[in-house]
Amino acid sequence: MVRRGRLAWALVVLWALLSSLSGCASSGFAELEARAACDACNRVAEPGEGGTWSDGRVACGECLASAVVDQGEGEEVLAEAREELEDALDIELEASVGLVLVERDALLRAAQDLAHPRLRAFCQIRERFLGEKLVSRTFAIQALTALPRGLLRGILAHELFHVWQAESGAPEKASGRWREGSANWAQWRVHQARDEELWAEQMERDPDATYGEGFRRFRRLAEALGTERALERVRTRLDF
């Protein structure tokens with residue numbers, strides 16, 4: 001998910017500094033008192049085997065064990081996602097891309113019109129123009145803190161794919177199912193390359209008309225055309 005515009009980049013830098021000083025973008029964690037579904041993987045967590053983050057998200061024991069709450073570790077995962085896109089799809093990004101880990105309420109406030117209950121990350125694009133000429137473009141991803149490392153890696157690959165869309169001149173007026181479906185396909189390819197079947201299957205079952213059905217349609221397209229031609233269509237087409 002991506003948002004364009006003249007954004008307050010100083011706030012993004014400030015969030016990053018605060019996160020690095022605290023060492024953790026999530027301010028609290030409590031043991032689980034009753035059975036509940038994990039927000040990341042949907043498995044049922046038993047009391048004593050998981051917990052609840054301060055923003056209300058439930059984590060089972062497995063997702064808790066690999067939760068990324070440290071800003072430095074998040075940046076490592078971002079670098080991994082970048083490498084995976086290059087390996088899986090031969091996508092090399094030129095831009096520097098920042099990352100800030102935040103709790104759910106902060107993410108939804110920053111996302112503004114993009115906010116929805118299932119949001120886990122979005123990419124901010126800040127553009128500077130001289131007259132009608134674009135002279136600079138910067139990218140920053142805000143992502144939920146405390147996501148399991150494998151899931152976070154895939155989500156960051158999705159957001160980096162949006163960076164590639166911007167860099168490659170893909171049409172800004174493309175439909176949501178086309179932009180998000182192709183980005184979800186990139187995320188799915190990363191999960192497949194890492195043998196992360198849990199996260200890959202979660203995407204395959206997603207009932208959402210934009211993200212789930214868009215992904216499945218784009219996957220069929222990529223299987224029919226091959227990766228190179230499918231990516232060329234992302235750069236030139238508005239929809240399926």
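As the structure is a computational prediction, the values presented were derived from the model and not from experiment.
For the pair F161/S182, a side-chain contact is recorded, criterion being any heavy-atom separation below 4.5 Å from C-beta on. Between R120 and H158 the shortest side-chain heavy-atom distance does not fall below 4.5 Å. Side chains of L144 and W53 form no contact here, defined as non-hydrogen atoms less than 4.5 Å apart.
Partners of L93 under the side chain to side chain contact (heavy atoms under 4.5 Å, CB included) rule, at least two apart in sequence or in another chain, are R82, I91, L160, V163, W164, E167.
Under 4.0 Å is where a charged nitrogen must lie from a carboxylate oxygen, and between E232 and R235 at least one such pair does. One finds no salt bridge joining E84 and R153 here, because no Lys/Arg side-chain nitrogen approaches an Asp/Glu carboxylate oxygen to under 4.0 Å. Using a cutoff of 4.0 Å between basic side-chain nitrogens and carboxylate oxygens, E103 and R57 are not scored as salt-bridged.
Using a 3.5 Å distance cut-off with no hydrogens or angles, the side chains of R189 and T227 do pair a donor with an acceptor. Of the N and O atoms on the side chains of H162 and E180, at least one donor lies less than 3.5 Å from an acceptor on the other residue. Side-chain contact check for T52 and E31: no donor-acceptor pair (N or O, by modelled atom type) lies under 3.5 Å.
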Result block: side-chain N/O donor-acceptor pairs under 3.5 angstrom for residues 215-225, not counting sequence neighbours:
| unit_1 | atom_1 | unit_2 | atom_2 | d |
| --- | --- | --- | --- | --- |
| R216 | NE | E213 | OE1 | 3.4 |
| R216 | NH1 | E204 | O | 2.8 |
| R216 | NH1 | D206 | O | 2.8 |
| R216 | NH2 | D206 | O | 2.8 |

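Nearest heavy atoms, C38 versus A59: SG-CA, 3.9 Å.
The aromatic rings of Y211 and H116 sit tilted relative to each other, their planes meeting at an angle between 30° and 60°.
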